[in-house]
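All chains are named by letter (A, B, ...) in the order of the sequence lines, taking the proteins before the strands, and each is independently numbered beginning at 1.
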Amino acid sequence: MTDTPAAPENAAQIRRTTLYLTLAQVPSGKVVTYGQLAEMAGLGRAARWVGRALSQLPDDTKLPWHRVLGAGGRISLPVGSPSGDEQRARLRTEGISVLNNRVDIQRHGWRPVEHSG
DNA sequence: TCGGTGGCTTGCC
DNA sequence: CGGCAAGCCACCG
């Protein structure tokens, strides 16, 4: 179809798009981890890449980047950081309890499959 | 093509 | 709960 036999650039674009789409599916009041998000997007264990991609998001992004936490619901962003403080503020705004840089993932963790689990 | 690098993850002590 | 080490995977120059 296309004149391009191979487009690795496009593939990278798709990965980002898939990541964004997956992130956009995270409902308010729920949180996911980098690894979980990466796996959902079909990136496998590229959790680090996910965090990086989120850091590259523009300030005016509509994606709920603040709903992405580290393993166990821990906030990777340090206190005193603009983004870190912003993240905690948004999480609380959504009704998520943030205690000592940690969120109860057992309580606010997003489960896309639900049921049968 | 290759090496260095991460807003991570998991184990272990 | 904390620090350390290794693993993983995709990005960048």
In whole angstrom, give the distance that lies between atom CG of A:Leu37 and atom P of B:dT9. 10 Å

Expressed in angstrom and rounded to an integer, what is the separation of A:Arg48 atom CZ from C:dG7 atom C1'? 9 Å

What's the CZ-C1' distance between A:Arg74 and C:dC1, to the nearest Å? 11 Å

Is A:Arg45 atom CZ crowded by more than 12 heavy atoms from other residues, nucleotides or ligands, each under 6.0 Å away? no

Tell me which nucleotide among B:dT10, C:dC1, B:dG7 gets nearest to the side chain of A:Ala71. B:dT10

Atom CG of A:Leu43 and atom C1' of C:dC8: how far apart are they, to the nearest Å? 12 Å

In whole angstrom, what separates A:Trp65's CH2 from B:dG7's C1'? 10 Å

Round to the nearest Å and state the distance from A:Gln56 atom CD to B:dG6 atom P. 12 Å

Above 12 or not: heavy atoms from other molecules or residues under 6.0 Å from CD of A:Glu39? no

5'-most contact on DNA chain C (nearest-nucleotide basis), A:Asn100 vs A:Gly42, goes to A:Asn100

Would you classify A:Thr33 as touching base, sugar-phosphate or nothing, given that sugar-phosphate means primed atoms plus P, OP1 and OP2, and contacts are heavy atoms under 4.0 Å? sugar-phosphate

Spacing between A:Arg45 atom CZ and B:dT10 atom P, to the nearest angstrom: 9 Å

Heavy atoms from other residues, nucleotides or ligands near CD of A:Gln56 exceed 12 (cutoff 6.0 Å): yes

Find the distance A:Glu39:CD to C:dC9:C1' and express it as a whole number of Å. 13 Å

Validation row: A:Leu23, A:Val68 side chains within 4.5 angstrom (heavy atoms): yes

Indicate whether the side chain of A:Glu94 and that of A:His108 have a donor and an acceptor atom separated by less than 3.5 Å. no

Who does C:dC8 pair with, Watson-Crick or G-U, both distances under 3.5 Å? none

Tell me whether the side-chain N/O atoms of A:Arg16 come closer than 4.0 Å to OP1 or OP2 in C:dC11. no

Both A:Gly35 and A:Trp49 contact DNA chain B. Taking the nearest nucleotide for each, which residue is further toward the 5' end? A:Trp49

